[in-house]
Amino acid sequence: MSNLSRLLKESWTLVEEQQDKLASYFYARMFLNNPQLRDLFPVQMDVQRSRLLGAIVTAVQTVDDPDVFAEYLQSLGRDHRKFHVQPEHYDAVGGALMEALRTFGGDEWTVEFDQAWRDAYAVIAAKMIAGAEADSTNPPYWHAEVLYHERRSQDIAVLTCRPLQPLEYRAGQYISVECKHQPRLWRVYSAANAPRKDGSIDFHVRALGAGWVSSALVRRVQPGDMIRLGAPMGSMVMDRRSTRDIVCVAGGTGLAPIKALIEEMTRANRTRWVHVFFGAKDRDDLYDLACLNRLAARYPWLSVVAATSDDPEFPGEHGKISDVVARYGPWNDHDFFVSGSPQMVRSTLRTLAEMQVPAIRIKYDAFGDS
Ligand SMILES: Cc1cc2nc3c(=O)[nH]c(=O)nc-3n(C[C@H](O)[C@H](O)[C@H](O)COP(=O)(O)OP(=O)(O)OC[C@H]3O[C@@H](n4cnc5c(N)ncnc54)[C@H](O)[C@@H]3O)c2cc1C
Ligand code: HEM
């Protein structure tokens, strides 16, 4: 561990237990010193759930691995254009962060700790600013019209929208979405189709209990509504040079990026077998199985196995999808794509590790903190 990394980790232990208070203080300082920044943030701000501070802390603490994060930070900077973030805002946010750390670090907060955080923050901010600048030919966000909206189950909707300007992305990537019902609240959703000529994009959304954005997208958005989309992100894309067969594991609406990847394969694939495992609680939540089965009937290289964990009468596999994947193994020489809830992704990654699948062959997206 480098000296910088050691200083960052050591100093974080001084404030770690007071994270909630630190977050409140951070936002209060930021908005007091720079009232104009308040308008960039959501109307109802739940400080404890706001993503900014946690993300900065994580980014700063991983600053030692700049190559791994360079691409991520670049696209994060690009993504931040949707919040109307300007280069000068980075100093304001950095200043509030330092004030909060010093206040909660108390007497034990040293000059070295202070310098380490300032240095690390500066590196990250510079990468994000560069990412935003490199994207100046694109709009900060895209206006898109909702063309179709179909409720597929109690909690799941499939919607199709068309951006008014071209939005380039790759199958497997995700895009942040904001709707008029929850202004300035952005959440990411995976594009559920490979790029089309007409530019339209499908999203598969599950309304999460009291979730702000997902419930609006499932229950309130209608055809004709305008939504806003941010720059695409994510690296769960197909390696077109690989010749290995493929295993896709999807839980619930985790099917979205998998479906986009399958669609990409339908345009080019002649040689790779693709095995899709699609799991959900019950058959209603297997909301797109009919379409998957149609694709499997049409493309001989595609096979689909569906499983429910909580529906004993379902005429298919039963149990957790990770266990079903294990039953169909071994999978010694395959590329893997895994997508779904953090729990589902965690248990699938554990199963694959037990089956000796090398981590380098697995790409995954967890729909939350994994
Ligand atoms: C890379 C990525 C891709 C994603 N792609 C998709 C996608 O294609 N489709 C999709 O549906 N989602 C996807 N998500 C999840 C999505 O981004 C949102 O996190 C989700 O829709 C919840 O947002 P929200 O505003 O409705 O909920 P928020 O208001 O942000 O609340 C969510 C939080 O509330 C809690 N919560 C509230 N109700 C429940 C509940 N019933 N069950 C569990 N927790 C609950 C949880 O702690 C959760 O962290 C993706 C996430 C990531 C990171
Ligand atoms: C080191 C610098 C920064 C990092 C690592 C960082 C990281 C993040 C991440 C990962 C998110 C959540 C992802 C998302 O919702 O798209 C986020 C949200 C956000 N960031 Fe940043 N950010 C930084 C600097 C800034 C700056 C300078 C501003 C300008 C004020 C800013 C404004 C926002 C806003 C408004 C949100 C949404 C907050 C919410 O929904 O609660 N960020 N940031």
Please list all pairs meeting ring pair (Phe, Tyr, Trp, His ring centres under 6.0 Å) that have one or both residues in residues 85-108, counting only residues at least two apart or in different chains. Tyr25-Phe104
Salt bridge between Asp311 and Arg283, side-chain N to carboxylate O under 4.0 Å? yes
Between His181 and Ala216, which heavy-atom pair has the shortest distance, and what is it? CB-CB, 4.0 Å
Quick one: are the ring centres of Trp273 and His334 less than 6.0 Å apart? no
Please confirm whether the backbone N or O of Phe83 pairs with a side-chain atom of Arg184, one donor and one acceptor, at under 3.5 Å? no
Kindly say whether the aromatic ring centers of Tyr121 and Trp117 come within a distance under 6.0 Å. no
Which pair of non-hydrogen atoms, one from Leu7 and one from Ala116, has the smallest distance, and what is that distance? CB-CB, 3.8 Å
Under a 4.0 Å threshold between the charged nitrogen and the carboxylate oxygen, would Arg244 count as salt-bridged to Asp239? no
Is any NZ, NE, NH1 or NH2 atom of the basic residue among Asp245 and Arg272 found under 4.0 Å from an Asp or Glu carboxylate oxygen of the other? no
Ignoring hydrogens, what is the shortest heavy-atom contact between Pro139 and Arg81? Give both atom names and the distance. O-NH1, 3.6 Å
Point-to-point distance, once rounded to the nearest 0.5 Å, from NE2 of His204 to CG of Asn193: 8.0 Å
Take a 6.0 Å sphere around CD of Glu17 and say whether it holds more than 12 heavy atoms from other residues, nucleotides or ligands. no
Passes side chain to side chain donor-acceptor pair (under 3.5 Å), Asp202 versus Thr160? Steps please. CA-CA 4 Å; Asp202 297 342; Thr160 303; 2.8 Å; yes
Taking every non-hydrogen atom, the tightest pair across Ala100 and Leu22: O-CD1, 3.7 Å
Modelled atom types, side-chain donor and acceptor of Ser176 and Lys82, under 3.5 Å: yes
How many angstroms lie between atom NZ of Lys180 and atom CZ of Arg220, to the nearest 0.5 angstrom? 9.0 Å
Any donor-acceptor N/O pair, Trp301 side chain to Thr271 backbone, under 3.5 Å: no
If you compare all heavy atoms of Leu286 against all heavy atoms of Ala307, which two are closest, and at what distance to 0.1 Å? CD2-O, 4.0 Å
Which salt bridge (charged side-chain N to carboxylate O under 4.0 Å, His left out) pairs, counting each pair once, include a residue from residues 97-112, with sequence neighbours left out? Arg29-Glu99, Arg102-Asp114
Approximate separation, where rounding is to 0.5 Å, of Leu159 CG and Ser200 OG: 11.5 Å
With Tyr189 as reference, evaluate Thr253, Ile175, Leu229, Val213 under the side-chain contact (heavy atoms from CB on, under 4.5 Å) test and give the passing residue. Val213
Residues forming a salt bridge (charged side-chain N to carboxylate O under 4.0 Å, His left out) with Arg298, sequence neighbours excluded: none
Whether the Ser347 and Ser322 side chains hold a donor-acceptor pair (N or O, under 3.5 Å, no angle test) is what I'd like checked. yes
Minimal non-hydrogen separation, Glu264 against Ala171, with atom names: OE1-CB, 3.3 Å
Is there a side-chain contact (heavy atoms from CB on, under 4.5 Å) between Trp109 and Ser11 once you walk through the steps? CA-CA 7 Å; Trp109 191 259; Ser11 52; 3.5 Å; yes
Going by heavy atoms in the side chains, are Met344 and Val338 under 4.5 Å from each other? yes
For residues Leu292 and Val305: do they belong to one hydrophobic cluster (side chain heavy atoms under 4.5 Å, members Ile, Leu, Val, Met, Phe, Trp, Tyr)? no
Do Leu101 and Phe31 sit in the same hydrophobic cluster, where Ile, Leu, Val, Met, Phe, Trp and Tyr count as joined when their side-chain heavy atoms come under 4.5 Å apart? yes
Using the six-membered ring wherever Trp is involved, compare the ring planes of His143 and Tyr141 and label them parallel, tilted or perpendicular (cut-offs 30° and 60°). perpendicular
Between CE of Met355 and CZ of Arg350, what distance do you get to the nearest 0.5 Å? 15.0 Å
Note: Arg196-Asp198 ion pair, threshold 4.0 Å (strictly below): no
Taking 4.0 angstrom as the limit, do Arg187 and Glu178 come out as a salt bridge? no
Keeping the roles fixed (side chain from His149, backbone from Arg219), state whether a donor-acceptor pair exists under 3.5 Å. no
Evaluate Asp365 against Ser339 for side chain to side chain donor-acceptor pair (under 3.5 Å), listing each step before the verdict. CA-CA 5 Å; Asp365 268 338; Ser339 161; over 6 Å; no
Polar side chain donor-acceptor pair, Asp335 to Ser242, under 3.5 angstrom: yes
Main-chain N/O of Asp155 paired with Arg151 side-chain donor or acceptor, under 3.5 Å: no
Taking the six-membered ring of Phe336, is NZ or CZ of Arg361 closer than 6.0 Å to its centre and within 45° of its axis? no
Side chain of Ser75, backbone of Tyr72: donor and acceptor closer than 3.5 Å? yes
Output yes when a side-chain donor or acceptor of Arg152 lies under 3.5 Å from a complementary backbone atom of Tyr287, and no otherwise. yes
Between the main-chain N or O of Arg170 and the side-chain N or O of Gln173, is there a donor-acceptor pair closer than 3.5 Å? yes
